[in-house]
Amino acid sequence: MKFDVLKFLNIHLSPDLQELASEEILDSLSRYLIIRTIELLPNDQLDIIQEPENLFEYAQKNISNYSSKVEKFLEDFKQEYAKETGIN
Amino acid sequence: MESVEKKQEPGGLLVDAARRVVKERFDALAEGKKELASKLIFAQKGIRIVVLAGVLMAAGCGQILPPQEPPTPTPTTTTSETQKTDFSIRTIGDLRFEFSPDNSPISYETTDGKKVIFDQKELEETRKKALLLHEPEIFKITRISESPASEETKGSTEHPVLSELPSDVMTESELKEKGIEIIQAKNTNFYIRKGAFGKDAPLEDFASGKNKLKIILLDAPYVSDIFMSDPRIQDARAAYLGRTPETKIDIDEFKNKKIKEIRDLIDKAKKSANPEDIIDKKLRLYDFQQLSRTDLLTLAAYPKKPSVGLYAYTSEKEFIFIAIGKPAKTSQDMVIVANAYGKFDFFYSTVISREDAPAISSSDSFPNPANYKLNPSASPDNPNSYPYASRSPGFSVQHELAHSNFIGTRIRTGGLKIVTNPNDPFHFNFVFSNNLPTLEPNRSEYDTDMRAANRQRLAWQIWKESGYKNNSGYHFAFSLPQGGYILTEDMSNPRELL
């Protein structure tokens with residue numbers, strides 16, 4: 001199964017713009033996931049995270065049901081994005 | 001949803017909407033966590049695909065689609081007649097550009113007849129990105145001209161540039177006999193005339209050959225240990241670090257911080273919707289990203305008050321550092337920008353060399369201190385003040401040699417002892433002999449600056465009163481990077497301020 005961010009967000013673009021739009025929106029999506037994951041971090045663990053890789057490794061090891069939480073984050077992003085664009 | 005091809009704005013709006021979602025979440029984040037989020041978001045760009053793929057796999061969402069190859073364009077055939085009619089040639093600045101029928105640049109020809117063809121795939125990608133983001137995107141920056149600061153190589157009657165060195169310039173081996181070693185710069189050499197060792201002359205104390213002095217010309221805008229990697233000057237570096245803390249810079253951290261600052265400016269410019277401001281800030285980012293690690297280190301370590309000359313010493317040797325800098329230069333770039341509507345605009349951008357180093361210059365020849373700017377706030381009561389604003393290498397030599405006269409004399413007479421910490425051999429402590437309290441050396445920058453200027457004043461007087469013929473008062477010479485030699489310095493009584 002492949003993750004197509006444009007398909008996921010119901011965005012339809014002409015083929016020549018798909019790659020670039022996908023890249024830019026994925027960039028925002030990854031930022032969003034970083035922020036949402038940081039929300040879950042205990043304050044006393046903030047100092048140990050130096051890179052995004054550390055954050056996700058930490059989250060997968062220490063936050064219970066992190067995978068399902070990521071799924072929810074993705075759905076949240078989709079909904080918030082829909083509010084901004086009117087795309088459903 | 002309409003395709004972007006039919007209407008240009010929605011692509012940009014789609015991307016902006018995603019950014020707004022992120023911003024709202026970021027704003028809602030607890031204050032204590034925002035710093036970490038900023039740091040990770042900034043670091044995330046280059047590894048986005050890898051990280052996100054890992055997270056999505058964990059969430060059972062599979063993997064990111066690999067970048068798709070753009071569809072192969074259908075070949076079109078045009079007759080040569082059509083090409084002749086539709087392709088146009090226009091001269092912009094000094095360059096002749098060829099444009100396609102849709103007004104996109106195809107190539108340009110330089111003044112010397114060289115033809116440069118633009119990568120049409122890259123051009124098209126830039127155009128699409130500008131359309132999608134609905135903001136100007138830089139396509140190409142072409143250096144059109146680069147010229148050193150206009151430098152008069154002949155000088156004037158009063159301040160001539162010599163075509164050859166005076167005959168009494170000392171050779172390397174002659175200087176070695178005097179205990180003096182010079183580490184030359186890449187494009188500039190420093191020379192000493194025999195008169196510099198005469199009675200009351202600045203190097204009188206070195207005439208016997210018993211004392212040691214190393215003069216180091218640094219190809220740098222200021223004196224710092226970051227420019228002292230040359231194996232030949234490690235003794236000088238150690239002496240320098242005896243009085244100045246070692247520079248410790250995280251170049252990557254500095255680079256990331258600066259890039260973030262410039263990107264913030266770009267974001268701010270985007271909000272103002274001023275295309276020229278956006279281009280200006282993007283050019284700034286481009287320029288910054290072109291900097292080498294050495295350039296970055298130079299910028300990162302730039303002191304608030306940079307020293308262009310510095311005097312340091314150990315119990316065995318004295319050292320004088322002179323930052324020679326690089327000649328200023330002015331460059332002109334042709335900047336081609338895809339605008340928010342998919343058309344190409346042309347700009348000329350003039351770049352003035354950032355480095356404000358006091359590069360050796362023909363204007364330093366036969367200096368007359370009356371031409372130096374005076375610092376009105378300097379005072380003898382403030383020993384850290386400098387009455388003369390000159391930062392020329394010639395004046396710096398005078399200034400640092402005056403330090404040698406003031407401080408080095410104390411070392412040579414045994415009034416100043418240097419204690420080395422065995423655990424830290426590159427740092428020294430300075431103590432005074434117990435029974436010689438009156439031998440506290442004069443470390444005043446004010447007095448040192450005054451001595452340097454007084455020396456030059458007298459040299460100038462001899463030079464002027466001889467009808468610009470007797471240059472014997474100027475004991476030192478520099479070669480200029482562009483050719484020729486200049487004389488600097490002195491003929492005063494070095495004891496006058498002791």
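Reminder, nothing fancy here: chain letters follow the sequence lines and each chain counts from 1. The structure presented is a predicted model; accordingly, all values stated were derived computationally and were not measured.
Residue-environment remark: CD (Glu35(B)) stays at or below the threshold of 12 foreign heavy atoms within 6.0 Å. Lys34(B) NZ: more than 12 foreign heavy atoms inside a 6.0 Å radius. Surrounding NZ of Lys140(B) are more than 12 heavy atoms belonging to other residues, nucleotides or ligands, all under 6.0 Å away.
Looking at Leu55(A), only its side chain comes within 4.5 Å of chain B, counting heavy atoms on both sides. Contact annotation for Glu24(B): only side-chain heavy atoms (C-beta onward) come within less than 4.5 Å of a heavy atom of chain A. When heavy atoms are compared at a cutoff of 4.5 Å, Leu36(B) approaches chain A by way of both its backbone and its side chain.
Annotation: side chain of Arg25(B) is in contact with side chain of Glu39(A) (closest heavy-atom distance under 4.5 Å). At least one side-chain heavy atom of Lys33(B) sits under 4.5 Å from a side-chain heavy atom of Asn43(A).
Atom CZ of Arg19(B) sits about 10.5 Å away from atom OH of Tyr81(A), to the nearest 0.5 Å.
Shortest non-hydrogen contact noted between Phe26(B) and Ile35(A) is CB-CD1, 3.8 Å.
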